[in-house]
Amino acid sequence: MPIQYHASSKTFHLFNDEISYIFMILANGELGHLYYGKAIRDRESFAHLFVLQARALAPVAYRDDLSFSLEVIKQEYPSYGTGDFREPAVQITTSIGDKISHFIYKEHTMMEGKPRFDGLPATFSDGGEAQTLAITLYDELIACELTLYYTIFHDLAVITRSSRVENKGAQPIKIDRLMSTSIDFYDNHFVMMQLDGAWSRERHVQERPLLNGIQAISSARGASGAFHNPFLALRRPQTTESQGEVYGFTLVYSGNFLAQVEVDSYDVSRLLLGIHPFGFGWNLTTNEHFQSPEAVMVYSDGGLNQMSQTFHQLFQDHLMPKRWARELRPILINNWEATYFDFDHHKIIAIAQQAKEVGIELFVLDDGWFGHRDNDKSSLGDWFVHKEKLPQGLSALAREIKALGLKFGLWFEPEMVNEVSKLYRMHPEWTIGVPNRHKTYSRHQYVLDFSQAVVVDTVFTMMDKILADGLIDYIKWDMNRNITEAYSASLPADRQGEFFHRYILGVYQLYDRLITKYPNILFESCASGGGRFDAGMLFYAPQAWTSDNMDPIERLAIQHGTSMLYPLISMGSHVPTSPNHQVDRHTSLAMRASVAYFGTFGYELDITKISADERTEIVRQIAFFKQWQSVIALGKFYRLESADPNYYYWMVVSQDKEQALVASYKILARANPALKRFNLQGLNPNLLYYCPERELSYYGDELMHVGWLSEPEFTGMSGTDKGDFTARIYQLLAKK
Ligand code: DGJ
């Protein structure tokens with residue numbers, strides 16, 4: 001039984017072979033946190049882990065006990081105002097306007113599997129893979145119930161958490177914050193790792209040591225954002241890719257979020273993760289409830305790769321739609337960078353024909369096929385075919401492409417509208433904005449108010465019409481601006497704090513309706529590239545466009561960061577043209593493909609304009625990728641340790657450890673540099689692996705401990721690996 005309740009000590013212990021998570025009911029009825037980390041044996045009482053300390057000036061719960069102070073007690077789910085001065089996990093404004101709550105243990109239940117919360121994405125468990133604990137606490141004065149959910153997976157170092165508040169009283173209350181998880185760690189000996197960036201440079205790893213006070217990342221833009229991914233890890237200072245402790249956290253949510261660590265004066269580090277309280281407020285009248293999104297917590301004592309692999313496995317087995325989790329994705333070509341808005345039926349067919357000849361499997365028609373869309377100033381919201389561009393219609397185009405033997409995919413931006421559109425002319429009130437106040441433009445477009453059911457319905461109906469003839473195999477769901485002047489005309493003044501969350505629930509609802517009706521359509525989420533690449537989206541769309549930036553050098557850092565928690569099978573990666581459109585860099589076709597292999601793989605260039613040599617190279621690349629696709633999509637990915645940021649080393653190993661693909665990338669050539677060596681990981685130490693590129697065999701233990709010696713770079717006199725922006729791909733095949 002992975003969840004134990006020890007009644008005599010009032011202690012809960014969630015554990016499996018990897019992790020333990022322990023907390024108890026305190027003398028005052030609140031919950032105290034005892035431990036989260038590597039698995040320890042179960043015992044009847046862990047009371048000895050609960051240490052009370054009387055501290056000068058600390059507010060105390062009992063007049064005659066100077067040691068019982070919430071200021072110093074590590075809490076399980078803290079509230080503010082009764083002795084703890086740190087930021088709380090929950091805060092509620094009562095009907096008289098105070099913000100004090102005091103939640104006392106009432107009851108708990110345990111269940112096999114995991115409940116599903118309506119309208120919210122979450123990890124799932126189909127059978128005996130997980131167990132859930134629901135603890136209900138109660139504040140008598142405000143007649144309010146708080147339920148904390150904990151799910152522990154049997155075979156994964158994962159605990160998921162979420163919270164629910166229900167108003168049981170006669171008076172209305174307002175939730176000011178309800179975090180999905182909160183942990184008080186014993187110490188602050190951590191480095192905080194986050195994934196930051198902006199458009200075209202998403203999810204670069206950034207780190208800082210924890211310091212006293214608050215350190216946080218967040219989004220208040222209505223989407224998780226390219227600026228900070230909803231991910232935070234706390235690693236020990238000595239932790240590396242292959243060894244040491246790290247705690248990883250993410251939110252299964254795509255809207256505003258806050259991830260923060262507050263280190264108090266006694267070095268306790270409080271992690272909070274959930275919907276951003278900024279601008280948030282949720283009213284509850286009698287018997288109404290609010291459910292928070294789910295937080296995922298991963299523990300690893302085997303370094304960052306182990307943390308990442310746990311996230312990858314969880315997302316693949318327990319988050320993505322099952323239909324797609326292990327399905328190899330079609331190799332696609334997308335026309336965006338080949339044509340932008342400038343295409344017609346013949347151009348598209350010409351691209352598709354050439355694509356088919358080299359072995360591509362899916363053609364994706366990007367932005368520009370609808371309304372009168374000839375640039376980005378019009379037509380969003382008018383989801384019917386652009387007759388001047390495609391006079392034969394969309395179905396005819398799709399049929400012709402499918403007759404070539406390709407699948408057909410289509411771009412939408414369902415959440416948006418241009419002022420120049422039929423939809424806007426008919427329903428200007430469906431856009432987000434404050435009445436009588438100027439509405440801020442971004443990419444010449446407005447955001448539709450998806451908190452209104454009628455808006456979601458209308459967009460669904462339009463999309464449904466396009467999809468109804470069954471010709472569409474793939475949808476790229478784009479989203480190219482964030483929300484300003486946040487306000488919904490459909491909500492009363494005192495409920496505007498609900499807007500952002502209701503918006504994202506509307507997005508989820510549209511996804512849900514589409515994937516339920518069209519389970520065989522493969523969805524790729526996109527937000528100007530990776531501006532909403534999060535676990536919430538992965539629940540509906542099993543892959544995401546990683547970044548608009550396809551330059552392989554830029555992609556090294558982007559894909560490296562993205563792989564911290566998202567599996568390769570979810571990472572959209574295309575081979576672009578050279579020079580690249582985002583940074584104008586020249587790179588070889590081989591280099592571009594070497595990076596794109598580590599993802600879903602496809603092309604985004606004008607294939608009608610390539611040379612014969614490039615065509616031959618593309619045929620070779622596709623054949624190579626197909627040979628390795630199942631290892632890449634279903635194997636284990638490792639970021640190999642590189643002491644020098646000029647070099648990246650990646651590797652995937654098949655689940656049976658019989659095949660591995662190793663990539664070594666060099667950014668800039670250096671004069672007469674040292675010979676590079678890096679240690680491989682995840683191989684079977686006893687197997688002999690043959691490397692066809694070197695015509696040599698190596699034992700797994702050699703490769704992992706002695707390491708892999710790179711090709712010599714230019715020494716002035718010799719060296720095979722010359723020049724900037726180069727890659728080497730090595731295959732390792734176990735000898736039978
Ligand atoms: C942003 C996306 O990231 C691009 O790939 C492309 O689809 C454009 N939008 C189209 O407007």
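Keep in mind that what you see is a predicted model, and the values were worked out from it rather than measured. Remember, it's 1-based here, ligands and their atoms both numbered in the order they're listed.
D478 OD2, 3.2 Å is the protein heavy atom nearest to atom 2 (C) of ligand 1. Annotation: atom 3 (O) of ligand 1 to nearest protein heavy atom, D548 OD1, 2.3 Å. Summary of contacts: the protein heavy atom closest to atom 7 (O) of ligand 1 is D366 OD1, 2.6 Å. Looking from atom 11 (O) of ligand 1 to the surrounding protein, the closest heavy atom is D367 OD2, 2.6 Å.
Partners of K666 according to the salt bridge (Lys or Arg N to Asp or Glu O under 4.0 Å) rule, which considers only residues two or more places apart in sequence or in another chain, do not exist here. For R639, the salt bridge (Lys or Arg N to Asp or Glu O under 4.0 Å) partners at least two apart in sequence or on another chain are E241.
The main-chain N or O of R201 is never found under 3.5 Å from a side-chain atom of Q582 such that the two would form a donor-acceptor pair. A side-chain donor-acceptor contact under 3.5 Å links K402 to the backbone of L471. Under a 3.5 Å cut-off, the side chain of T339 and the backbone N or O of N335 do form a donor-acceptor pair. The backbone N or O of G572 sits less than 3.5 Å from a side-chain atom of T546, completing a donor-acceptor pair.
The pair R513-D464 fails the salt-bridge criterion, with no side-chain N (NZ, NE, NH1 or NH2) lying under 4.0 Å from an Asp/Glu carboxylate O.
Ligand 1 places these atoms under 4.0 Å from at least one heavy atom of C526: 2 (C), 3 (O). Heavy-atom proximity to G529, at under 4.0 Å, picks out these atoms of ligand 1: 3 (O). Residue contact check: W545 has heavy atoms under 4.0 Å from atoms 3 (O), 5 (O) of ligand 1. Near K476, the atoms of ligand 1 lying under 4.0 angstrom from a non-hydrogen atom of the residue are 4 (C), 5 (O), 6 (C), 7 (O).
Only the side chain of N480 comes within 4.0 Å of ligand 1, counting heavy atoms alone; its backbone N, CA, C and O stay farther away. If you look at S528 next to ligand 1, the close heavy atoms, those under 4.0 Å, all belong to the backbone.
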### Full working for salt bridge (charged side-chain N to carboxylate O under 4.0 Å, His left out) between R443 and D376
CA-CA 7 Å; R443 212 198 185 204; D376 61 7; 3.7 Å; yes

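The shortest heavy-atom distance from R443 to ligand 1 is under 4.0 Å.
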